[in-house]
Engineer: 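Structure below; questions to follow.
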Amino acid sequence: MSRIRLTLLLLVALASSLPAHADSPGVQSPALPEANPKKAPGLILTFLQGEQTDSRESRHLALHIPADTIPSPFLSKGPFTARWEGFIASPLRADHSFQVRVRGHFKLTLNGTQILDTHSPELTLGEPKRAQLNKGANLLVAEFTPEPAGDATVQLLWSSSEFPLEPVPSILFTHESATPALRSGNRLREGRLLFAQLRCAACHADPILLPAPTPGEAMPELAQDAPVFADLGAKFNAPWLAHWINDPHSTRPHALMPRVFSAPEGTIAQEAADLAAFLLSSGTRNDQAPSDDLAPAGGALFANLGCIACHTPPDFNGNDEHARTPLAHLKAKWQPTALAAFLKEPAKNYRWTHMPNFRLTDEEAAQLTSFLLSGTQRDFPPTPNGDPARGAQRLVSSGCLNCHAGLPPTTQPTLSATLQSGWIKGCMAPQKSARGSAPDFALTDSQRDALRTFAASGFESLRHDTPAEFADRQTKAMRCTACHSRDGAPSTWSQLDDETAPLQAAAPQPEGEGNPVATTALPLFHWFGEKLQPSWMARFITGEPLPKPRPWLIARMPGFPAVGEGIAHGLSHSHGLSLTSPPEPPPAEEHARNGATLLAENGGFNCTTCHGVGERPPTAVFEAPGINLAWASQRLRKDYFQRWLLHPLRIDPETKMPRFADEDGRTQLTDLYEGRARDQFDAIWQYLRTQAPQPQKSQAAQ
Amino acid sequence: MKLRIHTLLTPALGLAAFAGLAQNPAPKKFEAMDYGRFVSATFNNAEGKNTLGSTGARKDGAAPAKAYGCTADKGIAIKLENDSTVVFDTDLVRMAGGWSNGFIQLKGVVFEGGHGPNPGPAPGAKIVFQTNPTPGWSTDATFADTRKLPTGPGAATRPFGPLPRELAKYKGLYLHGDQVVLSYTVGSASVLELPAAEKIGERGMLTRTFNVSGKGSQQASLLAAEAIDGAASQLLEDGKVAALADDPKNPDSRLLVALLSAPAGTQLDAGPARISVKLPRFAGGESFKVVYGRGTTADAAAFAADTARLSAPAKLAELTKGGTPHWTKTVTTKGELGTESNGFPYVVDSITPPLENPYNAWIRFGGLDFFSDGRAALSTWSGDVWIVSGVNGDLKELTWKRYASGLYQALGLKVVDNVVYVLGRDQITRLHDLNNDGEADFYENFNNDVQVTPGFHEFALDLHTDPQGNFYFAKGGPVNPGGRGWGPLSDHNGCIFKISKDGQKFEVYATGVRAPNGMGVGPKGEVTCGDNQGTWVPACYVHMAKQGEFIGVTDLAHLPTKPTAHSNHICYLPMDVDNSGGAQVWVTSKQWGPFENRLLHLSYGQATANLILSEQVGDTLQGGAVKLPLKFETGVMRARFHPTDGQLYLTGLRGWQTKGGKDGAFYRVRYTGKPVTLQTSLRVTDKGIHLGFTNPVDAAAAADLQNYSIQQYNYRWTEAYGSPDFKPSNPEEKGRDDVEIKSVKLSADAKTVFLEVPGLKPVDQVRIKMNLKAADGADIPKEVVHTINAIGKE
């Protein structure tokens with residue numbers, strides 16, 4: 001969080017002289033359009049606070065709100081009630097036992113019958129209550145009122161004769177997406193995010209409407225930066241840059257960068273050419289390109305690292321059903337050396353870039369560069385000659401530096417002024433004629449409605465955020481599900497076999513023992529918040545050089561330095577879990593020794609056949625290597641570890657991990673703990689705690 | 001200078017002293033085991049090389065450029081006096097090598113579990129002599145290998161399997177005390193050979209005593225020793241001693257070979273890099289010794305003299321009648337009777353195995369059958385056969401006797417006419433107790449036509465007979481260490497074999513199986529097999545195999561071109577039902593409830609038994625499985641019905657991944673005689689699914705649509721390890737489709753449920769879940785899994 005905080009502090013400093021918040025004048029929230037009833041994944045979560053309500057989707061029937069924080073960006077600190085509504089699916093009529101882990105008061109109603117009514121002033125796992133679910137959708141309503149002070153925590157769990165106690169899987173929840181309150185909440189959130197991401201406040205700073213937030217509390221996206229103009233002449237090519245400045249959305253449909261200069265269709269504005277000429281006047285061109293021979297290996301990396309999940313291949317020029325970012329402009333855009341450098345360090349000049357850091361080697365970067373600059377790509381015709389001097393003036397006068405260098409706004413009206421008309425003019429005008437000289441963000445009508453809805457609600461919500469909502473926004477923005485399947489929806493990557501196969505075939509990887517494999521079967525996203533220790537998860541998503549948990553995969557988890565920590569924290573909260581696990585006493589020696597036995601061959605489950613422990617490699621990996629277990633106690637939450645061992649297939653239907661415990665919670669190893677699986681798995685956990693390595697940073701000359 | 005961040009793995013709490021992992025102070029079971037007088041295995045040489053590196057068929061008889069001495073695809077390492085060892089190659093009827101200073105290095109999957117290595121000479125062994133993988137006998141003194149090369153994609157570049165029978169044929173071995181007598185034919189003559197380590201003064205010698213009976217069809221040469229190409233050999237002492245400079249590291253060192261009591265006209269031949277013994281055409285009655293020692297050329301005279309001082313060749317026929325018992329101590333255990341659970345009238349009784357025994361034999365059962373008197377014979381993965389008596393009634397006193405040992409991973413066993421046939425990777429061995437002392441004295445090679453490569457994973461699995469007495473077993477593919485791809489292939493990898501009743505005819509019955517840990521042969525000769533998820537096996541399955549059929553693994557099809565389609569299986573089994581299959585067994589008993597003539601399938605991985613529900617739709621067989629609510633503590637993988645009590649007996653082991661916790665276990669599944677309500681039939685039509693039960697089910701629950709759900713999905717048949725689930729509604733999308741059940745009807749006798757599902761189509765996997773009770777209140781299994789290959793008419 002430290003980097004985010006630092007950036008926020010800068011933002012605070014910029015606005016520190018501004019007076020307090022006031023409502024936005026003149027803007028009306030447009031009426032909600034009609035919507036057809038439709039079932040969607042997850043539940044409707046509505047917060048009630050006095051007369052205020054706020055609804056959003058919630059994949060889980062769980063939440064964790066730390067003490068003295070807000071439940072929603074649109075509400076205040078203080079007492080609230082959370083209410084979940086929707087349906088829970090059952091394949092057939094079946095009995096389940098429901099339990100809630102709660103601090104506060106929780107009620108659960110299924111099909112109109114109250115099942116749970118649990119009140120606990122401390123965080124406690126309540127008593128199980130048996131309930132029968134009907135085949136199909138079962139109406140679910142749950143209500144949670146936290147204690148007056150302290151953390152608000154709730155997590156609904158269940159068990160049955162076929163599986164052990166687990167959080168009720170999110171894949172089973174559905175809700176009615178046409179519910180007006182939900183759509184209102186969603187639209188509000190969309191407008192809020194657009195406002196932050198499009199950096200409206202960078203140009204329209206307003207001392208009244210946009211007062212300085214409390215450090216560390218504001219919506220993090222407000223700190224989102226734009227690429228720094230550094231040595232662009234050593235990176236880009238002139239025609240492309242002029243085209244890009246002229247009309248960003250024609251190159252990248254979802255670009256945040258607005259079209260600033262107008263020009264007749266098919267032509268390049270002279271201002272754009274001037275600006276490009278100026279920007280390219282710094283830096284020395286370097287056209288040294290990696291060998292074309294490296295392209296096949298780069299293509300294989302493109303397929304095997306998952307680039308292909310977020311980008312169409314560079315020679316693709318068409319409509320993509322997965323909304324991937326096109327790359328057909330790369331040859332026109334980049335000088336080769338600069339592209340390789342960018343691939344190695346994408347966030348160097350743009351911290352909030354969506355492009356993650358794959359920790360590429362020089363060789364890999366060269367291979368990818370060769371591939372990305374290969375093939376037939378989009379042609380960018382010559383542009384008018386630009387005048388660098390005029391371009392320098394445009395840079396200031398057009399407001400580019402409001403975003404790109406973070407300077408105070410100079411030429412634009414305040415936000416209050418722009419709202420006076422009802423926010424229908426300037427950037428918000430749908431027609432070019434009404435837009436005047438304002439930049440064109442290529443907004444849709446729906447996005448404009450969302451922005452107006454948000455504006456009508458005031459801007460107070462920008463001063464606050466919740467980790468859960470941040471994680472929800474950023475997992476979408478970073479396209480986590482492009483690589484990880486979630487709630488039964490396959491990842492984009494896993495649907496691209498037709499594209500990956502020829503790329504892989506062009507540069508086959510060595511096969512056999514010890515060689516990594518190419519696969520799109522990556523860990524399932526929906527369990528991450530419950531599975532991983534938040535501190536580990538944060539380091540892992542951020543991109544710290546931790547040991548690779550699955551070294552047998554060619555794929556590697558890239559780093560998202562700007563958002564990793566926030567995603568990790570938010571996912572934990574979404575699952576109803578705090579960022580810290582209850583402290584455990586040191587492992588009892590006998591218990592841990594039993595764990596060592598249970599882990600090993602003689603008298604144990606023979607886990608060490610597939611799993612290494614620290615520097616001890618697995619004894620005989622066959623087809624299905626396992627994660628090195630030395631990190632387990634630092635990586636995993638203990639409850640998840642238990643649950644995984646009790647019923648691996650319940651968590652991951654594709655896992656090769658055997659299930660050692662039966663429906664009664666017993667294993668076939670009866671010599672220890674009389675075969676009680678939970679006790680045996682706890683012993684293994686305790687043993688693994690003794691094996692947990694401490695990351696030590698040492699420095700070595702390279 | 002760039003800086004690099006290192007993350008080191010260091011135990012946080014410094015408690016690495018917990019010893020259970022990799023530092024277990026208890027001796028390893030494979031090290032503690034007394035293997036007996038010989039061990040059968042594939043052998044690497046002293047440098048760890050196996051026979052796969054050989055340069056080919058050697059049709060010219062030349063020595064290879066590299067040394068592969070002491071290697072054997074099918075070897076028998078025989079313990080001799082003076083801590084000496086020889087390895088006999090039963091394929092090539094040759095002595096692969098001999099050494100002093102130790103027995104063998106116990107390396108490989110059956111020993112320490114290693115994937116890839118095979119046993120070889122013990123560390124520190126001093127090689128006395130060795131031969132390369134070439135015929136041990138020759139009619140023209142060339143020792144040319146005329147065996148056919150394997151064919152097809154991925155085939156190895158050298159031959160496998162036994163020599164042509166007319167040249168030489170291994171017949172078996174006799175045990176007499178600590179002595180092992182090898183029996184084989186050379187042409188039309190029969191040969192008994194006794195390897196031994198002898199001493200004259202301080203000189204240690206390895207000797208091979210030969211007794212010949214019957215007339216030879218032509219001249220025969222015996223391969224005595226070989227070295228790499230270029231090694232010099234010479235005759236010394238007027239041809240009485242042959243010397244071979246076979247140790248490049250010690251230029252003066254020589255292998256010395258001499259003969260004792262050789263037939264007139266016998267010549268030692270010192271050819272290029274080889275010493276052989278040219279014998280006259282056998283007349284029968286010859287008895288002689290070939291003697292090996294180490295020294296220099298200067299020692300030749302003394303060596304010849306010491307050879308002459310050796311005892312005369314023994315009469316080996318005396319050693320072929322059985323000797324004193326070797327495994328004299330029996331183990332007595334007491335069985336444990338199980339109890340009924342949740343109203344299911346079958347109980348699991350444990351026939352306590354001799355896990356602790358005086359010989360530290362590692363008890364991991366891989367084969368099972370019964371004698372007509374009710375005693376059981378069980379083979380172990382480590383090469384034993386144990387016979388247990390008392391297998392009846394209350395199991396109060398079970399007496400276990402070690403009957404045989406040293407077999408090559410004995411994972412199949414069949415008793416025919418009260419004689420034990422045991423399947424090793426190298427051969428089917430027929431065990432004879434010649435002197436009725438309770439131990440096998442003659443390990444007869446019933447058939448060893450199967451080809452064996454050094455690949456660690458090409459297990460030979462299960463042994464059955466059909467009503468005509470033909471034998472069947474299955475063999476896996478040589479999966480590479482790590483699991484992906486295959487090692488060089490023989491013509492027999494991934495096949496099911498059929499061997500005639502007399503053992504003389506061996507044929508490939510079907511091809512294309514990966515690691516079929518178990519099969520079955522029904523009362524009408526129905527041949528079934530399963531397979532384990534892996535390359536070209538998207539999920540475990542149960543299959544009815546037809547003669548000449550390709551089943552599923554294209555790399556192991558042994559066809560001119562790789563097949564583009566696999567055969568239909570009776571049913572696939574999802575991972576949580578079976579992730580590692582075992583054998584099938586047909587219920588041949590009337591005393592085991594209402595399941596006579598039904599097929600059961602065992603899951604080694606899940607340690608379960610499943611009843612197979614099958615139906616015939618035209619020419620197509622299909623069906624499903626229902627898991628029997630029984631619990632086993634080991635990976636059950638072999639089963640037979642008892643000849644007298646008619647109950648089901650199962651056995652298995654823990655040798656590779658299974659949820660079973662015990663190394664080896666032996667169970668009886670005993671029917672208590674009460675009514676049992678279980679899914680027993682399945683019929684798929686264009687209107688829906690008929691599910692039959694053995695007894696009436698609770699009508700209210702059964703007629704309620706709410707109590708059923710159906711999901712279906714397909715697998716993808718590829719070379720990848722197994723397959724995810726794919727939606728039939730969108731073949732590119734992972735996942736399962738929910739299937740709508742329009743209605744449910746219960747038959748008047750409450751024994752058949754009809755689930756109305758119009759429009760069913762062939763699909764790999766259907767999972768029907770149900771929440772039912774028997775009419776008498778007993779539990780009923782909650783799921784039937786099945787495969788639809790064809791849709792019948794309603």
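Naming convention: chains lettered A, B, ... in sequence-line order (proteins, then strands); numbering from 1 in each chain. The analysis underlying the following values was restricted to heavy atoms, covering all of them including side chains, and did not include hydrogens, waters or symmetry mates. Quick caveat: nothing in here was measured; it's all calculated off a predicted structure.
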Engineer: Heavy-atom distance under 4.5 Å to chain B: side chain of A:Asp497, backbone, both or neither?
Structural biologist: side chain
Engineer: Under 4.5 Å from any heavy atom of chain B, what part of A:Ala489 do you find: side chain, backbone, both or neither?
Structural biologist: neither
Engineer: Please look at B:Phe726 and chain A and tell me whether the side chain, the backbone, both or neither of the residue comes under 4.5 angstrom of a heavy atom of that chain.
Structural biologist: neither
Engineer: I'd like to know which of B:Gly605, B:Gly485, B:Gly114, B:Gly661 tops the heavy-atom pair count under 4.5 Å against chain A.
Structural biologist: B:Gly661
Engineer: Counting only non-hydrogen atoms closer than 4.5 Å, does B:Asp704 touch chain A with its backbone (N, CA, C, O), its side chain (CB onward), both, or neither?
Structural biologist: side chain
Engineer: The criterion is side-chain hydrogen bond (donor to acceptor under 3.5 Å, both in side chains); which residues satisfy it with A:Trp685, sequence neighbours excluded?
Structural biologist: A:Glu584
Engineer: Other residues, nucleotides and ligands only: do more than 12 of their heavy atoms fall within 6.0 Å of CD on B:Glu336?
Structural biologist: no
Engineer: Rounded to the nearest 0.5 Å, what separates atom CD in A:Gln668 from atom OG1 in B:Thr658?
Structural biologist: 8.0 Å
Engineer: Can you say whether A:Ser485 sits under 4.5 Å from chain B via the side chain, the backbone, both, or neither, judging by heavy atoms?
Structural biologist: neither
Engineer: Walk me through whether B:Glu733 and A:Ser494 qualify under side-chain contact (heavy atoms from CB on, under 4.5 Å).
Structural biologist: CA-CA 8 Å; B:Glu733 186 179 347; A:Ser494 68; over 6 Å; no
Engineer: Using every non-hydrogen atom in the two residues, find where B:Lys659 and A:Ala661 come nearest and quote the distance to one decimal.
Structural biologist: NZ-O, 3.9 Å
Engineer: Below 4.5 Å from any heavy atom of chain B, which atoms of A:Glu663 appear? Answer side chain, backbone, both or neither.
Structural biologist: side chain
Engineer: List for me each residue that meets ring pair (Phe, Tyr, Trp, His ring centres under 6.0 Å) alongside A:His526, sequence neighbours excluded, and say none if there are none.
Structural biologist: none
Engineer: Counting only heavy atoms not in B:Lys742, do more than 12 fall under 6.0 Å of its NZ?
Structural biologist: no
Engineer: I'd like to know which of B:Met770, B:Lys29, B:Arg736, B:His457 tops the heavy-atom pair count under 4.5 Å against chain A.
Structural biologist: B:His457
Engineer: Which is it for A:Asp671 and B:Lys662 under the salt bridge (Lys or Arg N to Asp or Glu O under 4.0 Å) test, yes or no, and what are the steps along the way?
Structural biologist: CA-CA 10 Å; A:Asp671 292 344; B:Lys662 296 242 169 113; 5.8 Å; no
Engineer: Give, for atom CD of B:Gln706 and atom OG of A:Ser90, the distance between the pair rounded to the nearest 0.5 Å.
Structural biologist: 8.5 Å
Engineer: Could you state the interatomic distance from CG (B:Asp725) to CD (A:Glu654), rounded to the nearest 0.5 Å?
Structural biologist: 7.0 Å
Engineer: Could you pull out the closest heavy-atom pair between B:Asn771 and A:Leu92, with the gap in Å?
Structural biologist: N-CD1, 3.8 Å
Engineer: Does any backbone or side-chain atom of A:Pro91 lie under 4.5 Å from a heavy atom of chain B? Answer side chain, backbone, both or neither.
Structural biologist: both
Engineer: Report which part of B:Gln711 has an atom under 4.5 Å of a heavy atom belonging to chain A: side chain, backbone, both, or neither.
Structural biologist: neither
Engineer: Could you grab the distance from atom CZ of A:Arg93 to atom CG of B:Asn707, nearest 0.5 Å is fine?
Structural biologist: 5.5 Å
Engineer: Can you name the closest pair of heavy atoms from B:Ser709 and A:Lys135 and give their distance?
Structural biologist: CA-NZ, 3.6 Å
Engineer: Quick one: what part of A:Gln495 sits under 4.5 Å from any heavy atom of chain B, side chain, backbone, both or neither?
Structural biologist: neither
Engineer: What heavy-atom pair brings A:Ala620 and B:Gly113 nearest, and what distance separates the two atoms?
Structural biologist: CB-O, 3.7 Å
Engineer: Rounded to the nearest 0.5 Å, how far does CD of B:Glu633 lie from CG of A:Leu669?
Structural biologist: 9.0 Å
Engineer: Are the side chains of A:Lys656 and B:Tyr721 in contact, using a 4.5 Å heavy-atom criterion?
Structural biologist: yes
Engineer: Minimum heavy-atom separation for B:Gln657 to A:Phe605, with atom names?
Structural biologist: OE1-O, 4.0 Å
Engineer: Specify the closest pair of heavy atoms between B:His115 and A:Val621, including all atoms of both residues, with the distance to one decimal.
Structural biologist: ND1-O, 3.6 Å
Engineer: For each of B:Val109, B:Asp738, B:Val479, tally heavy-atom pairs with chain A at distances under 4.5 Å, and name the one with the top tally.
Structural biologist: B:Val479
Engineer: Does any non-hydrogen side-chain atom of A:Pro653 lie less than 4.5 Å from one of B:Met575?
Structural biologist: no
Engineer: Roughly how far, to the nearest 0.5 Å, is CD of B:Gln606 from CG of A:Asp662?
Structural biologist: 11.0 Å
Engineer: One pair to check against side-chain contact (heavy atoms from CB on, under 4.5 Å): B:Glu783 and A:Glu162. What are the steps and the verdict?
Structural biologist: CA-CA 11 Å; B:Glu783 187 175 35; A:Glu162 296 183 27; over 6 Å; no
